Protein chains: 2
Amino acid sequence: MEISLKIGVMRQDSRLSRMLHVLVHMSNATHPLTSEAIAKMLQTNPVVIRRTLAHLREEGFVESTKGHGGGWILSRSLDSMSLYDVYEAIGAPELFALGLSSDSPTCLIEKAANAALSKSLRQAEKTILSQFKAVKLSQIAKAARP
Amino acid sequence: MEISLKIGVMRQDSRLSRMLHVLVHMSNATHPLTSEAIAKMLQTNPVVIRRTLAHLREEGFVESTKGHGGGWILSRSLDSMSLYDVYEAIGAPELFALGLSSDSPTCLIEKAANAALSKSLRQAEKTILSQFKAVKLSQIAKAARP
DNA sequence: CCATACGTAACATTATAAGTTACGTGAAAG
DNA sequence: CTTTCACGTAACTTATAATGTTACGTATGG
């Protein structure tokens with residue numbers, strides 16, 4: 001008898017969540033963290049880690065070094081990084097799962113329906129992004145201390 | 001030579017958008033609208049229409065009749081239906097494309113990161129849903145009149 | 001020179017909305 | 001009563017993007 005719990009498969013983009021997690025770990029580390037070690041933390045694959053962290057490196061949030069003793073380190077303080085910064089760094093992925101029926105509808109009704117919907121979503125986007133800007137990673141680190 | 005424009009494929013859930021569109025059309029119609037006619041409006045397949053409208057029927061927003069002259073009609077006024085009502089009727093689908101890394105993290109840092117993220121998202125959810133509640137379909141219909 | 005660790009291309013997997021096919025049921029037209 | 005229409009629904013396929021995996025190249029420290 002096999003008791004295999006199929007753990008909640010994510011169909012949503014979890015990169016932001018993962019990067020927040022990693023960055024705080026990095027700030028606690030005294031040595032560079034290897035992709036493999038990070039992958040173990042996040043229960044995923046080293047290549048996935050490298051891929052996503054590469055974006056953060058491009059934005060100057062982390063640095064990577066090769067070879068012995070290499071890995072990933074923070075290049076800025078958690079206090080200088082907001083949730084928004086990380087979100088932007090990974091490419092500002094789509095926030096919403098709801099979409100419009102058509103890009104450029106000719107039907108007036110469709111236009112009006114899309115307008116109503118996107119007005120609400122734009123408003124919510126403002127809410128999210130302003131909250132993202134208001135949260136520094138240092139706050140997360142602080143909240144994680146027992 | 002074939003010039004086939006691959007029109008923007010939606011990877012997001014467009015059911016809400018589509019249903020808003022359909023319902024307003026229904027309110028203007030003097031006869032029941034067939035799934036096929038609706039599918040043509042929305043540039044999709046009749047079965048997709050029946051599937052989604054079935055939810056609205058269960059909630060008492062529309063009725064369907066079979067056979068000659070059959071199709072879909074509104075059973076309530078657009079003025080009595082909010083965007084939120086439709087959203088709920090189709091099953092209150094996931095609003096956000098961003099997800100958390102794990103359902104029940106044991107890592108304190110992961111917990112803190114997820115908490116920060118979901119706090120923002122919950123706030124945004126409130127924004128969206130309260131806006132959905134504030135918009136009646138009759139407003140969309142009105143906005144669509146030239 | 002060898003082990004380590006990132007860089008990256010190429011490919012496989014997965015989940016879900018969406019699309020499609022097929023056939024059943026019921027109702028109106030004749 | 002038979003035909004046609006239109007919904008009801010099961011079963012299957014498709015599409016897409018994040019995710020996962022394999023493989024190999026490159027740089028670095030010992």
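Throughout, protein chains are lettered first and strands after them, A, B, ... in sequence-line order, and every chain is numbered starting at 1. In this text, all values refer to a predicted model and were calculated from it rather than measured experimentally.
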Euclidean distance, atom [atom1] of residue [X] to atom [atom2] of [N] [Å, nearest integer]:
X	N	atom1	atom2	answer
A:Arg57	C:dC6	CZ	P	10 Å
B:Asp13	D:dT16	CG	P	16 Å
A:Trp72	C:dG7	CH2	C1'	9 Å
A:Glu36	D:dT22	CD	P	12 Å
B:Phe96	D:dA17	CZ	P	21 Å
B:Arg50	C:dA22	CZ	P	15 Å
B:Arg51	C:dA17	CZ	C1'	9 Å
A:Ile38	C:dA5	CD1	P	12 Å

Given [N], is OP1 or OP2 found less than 4.0 Å from the side-chain N or O atoms of [X]?
X	N	answer
B:Thr34	D:dC5	no
A:Ser35	C:dA5	no
B:Ser64	D:dC7	no

Taking atom types as modelled, is there a side-chain donor on A:Arg15 or A:Thr52 under 3.5 Å from an acceptor on the other?
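Side-chain D/A pair, A:Arg15 to A:Thr52: absent.
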B:Leu100 reachable from A:Val135 in the ILVMFWY side-chain graph, under 4.5 Å edges
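Yes, A:Val135 and B:Leu100 fall within the same hydrophobic cluster.
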Here's a test of your reading of the structure: between B:Leu33 and A:Gly69, which maps to the more 5' nucleotide of DNA chain D?
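Looking at DNA chain D, the more 5' nearest nucleotide goes with B:Leu33.
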Pick the closest DNA chain D nucleotide for B:Gly71 and for A:Lys66 by heavy atoms, then say which residue is nearer the 5' end.
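Result: B:Gly71.
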Using a heavy-atom cut-off of under 4.0 Å over every strand shown, decide if A:Arg15 touches base, sugar-phosphate, or nothing.
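Sugar-phosphate: the residue A:Arg15, judged by heavy atoms under 4.0 Å, touches backbone atoms but no base.
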Does atom CD (A:Glu36) have a neighbourhood of more than 12 heavy atoms from anything else shown, all under 6.0 Å?
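Counting neighbours around CD of A:Glu36, 12 or fewer heavy atoms of other residues, nucleotides or ligands fall under 6.0 Å, so no.
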Is the shortest side-chain heavy-atom distance between B:Tyr84 and B:Ser130 below 4.5 Å?
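They are not in contact (no side-chain heavy atoms under 4.5 Å apart), so the answer is no.
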May I ask you to verify whether the side chain of A:His68 and the base of D:dT28 hold a donor-acceptor pair under 3.5 Å?
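Flag unset: no donor-acceptor pair detected.
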